[in-house]
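Start at 1 and go down the list; that is how both ligands and their atoms are numbered.
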Amino acid sequence: MSEQIIISGETKQAKYEALLPQIFALTESESSWIANLANTSAALKETFGFFWVGFYLVETEVLVLGPFQGPVACTRISFGKGVCGASWEQKNAILVPDVEAFPGHIACSSLSKSEVVVPLLKAGEVIGVLDVDGDKLNDFDEVDVKFLTQLCTWLVSLH
Ligand code: SME
């Protein structure tokens with residue numbers, strides 16, 4: 001697999017359908033999980049132009065910033081705090097159409113307007129989260145949740 005992503009598709013769904021097999025191919029034979037998270041962040045950023053996309057990984061009692069693409073971000077998020085911490089606690093994806101309407105949202109950037117967070121679930125435990133931020137309200141929907149969840153399931157299988 002060459003280290004290149006080919007972006008195709010008119011709709012968001014078509015873009016995800018074209019992108020996911022490329023990420024699978026790019027990551028399946030790489031043994032470094034961190035390298036795979038890094039390339040996954042880059043591929044998502046390159047394909048969709050998300051404002052911020054990256055991973056927070058559980059280290060004992062806290063989520064710690066992992067591979068990401070976008071502006072510098074907060075490094076540590078506690079269990080139950082912010083959207084990421086809530087996704088960790090609930091073991092569920094969380095869609096936030098308007099970050100200002102989410103109680104306890106952690107604003108790493110005032111330019112972030114909406115957000116989707118998907119947990120990395122391994123044997124029923126959260127080992128991290130994938131966090132994607134948009135600079136527009138309502139940037140994400142169930143299509144993002146569906147494909148990002150598939151992506152997280154794949155990444156956990158590599159862990
Ligand atoms: N907004 C997130 C924090 C992480 S940054 O958006 C990159 C949250 O509320 O958990």
Response to the item:
CZ of R76 to SG of C84, rounded to nearest 0.5 Å, is 14.5 Å

Discussion item. Tell me the contacting part of I106 for ligand 1: side chain, backbone, both, or neither, using a 4.0 Å heavy-atom threshold, strictly below.
Written reply: both

Fill in: Pair T40, W154: side-chain N/O donor-acceptor within cut-off below 3.5 Å
no

Worksheet entry | D98 CG to E115 CD distance, which is reported to the nearest 0.5 Å | 11.5 Å

Worksheet, complete the sentence: A student checking ligand 1 against C84 at a 4.0 Å heavy-atom cut-off should list atoms 8 (C), 10 (O)

Fill in: Where ligand 1 meets G82 - atom numbers and elements under 4.0 angstrom, heavy-atom basis
9 (O), 10 (O)

Worksheet item: Relative to the heavy atoms of C108, which atoms of ligand 1 are at a distance of less than 4.0 Å?
Response: 3 (C), 4 (C), 5 (S), 7 (C)

Worksheet item: Counting N and O atoms only, with roles assigned by atom type, does the side chain of S114 sit under 3.5 Å from a partner on the main chain of K136, one being a donor and the other an acceptor?
Response: yes

Practice prompt. Scan W52, F50, Y56, F51 and name whichever one has a ring-ring contact (aromatic ring centres under 6.0 Å, His included) with F68.
Written response: W52

Worksheet, complete the sentence: Atoms of ligand 1 under 4.0 Å from any heavy atom of E115, numbered from 1 in the order shown, are 1 (N), 2 (C), 6 (O), 8 (C)

Fill in: N/O donor-acceptor pair under 3.5 Å between W88 side chain and S78 backbone
no

Worksheet entry | Numbered atoms and elements of ligand 1 in range of H105, under 4.0 angstrom, heavy atoms | 1 (N), 9 (O)

Worksheet, complete the sentence: Under 4.0 Å from one or more heavy atoms of D131, ligand 1 contributes atoms 2 (C), 4 (C), 5 (S), 6 (O), 7 (C)

Worksheet item: Would F102 count as a contact of ligand 1 if the rule is a heavy atom under 4.0 Å away?
Response: no

Worksheet entry | Heavy atom of the protein closest to atom 6 (O) of ligand 1 (residue, atom name, distance) | D133 OD2, 2.7 Å

Worksheet item: Of the backbone atoms (N, CA, C, O) and the side-chain heavy atoms from C-beta on, which set of F68 has a member under 4.0 Å from an atom of ligand 1: side chain, backbone, both, or neither?
Response: neither

Discussion item. Quick test of your reading of the model: are E100 and K113 salt-bridged, counting only N-O distances below 4.0 Å?
Written reply: no

Item to complete: Decide if atom NZ of K81 counts as having more than 12 heavy atoms of other residues, nucleotides or ligands within a radius under 6.0 Å.
Response: no

Response to the item:
Numbered in order shown, the ligand 1 atoms found under 4.0 Å of a heavy atom of W52 are 7 (C)

Discussion item. Starting from atom 8 (C) of ligand 1, what is the nearest protein heavy atom, named by residue and atom, and what distance separates them?
Written reply: V83 N, 3.3 Å

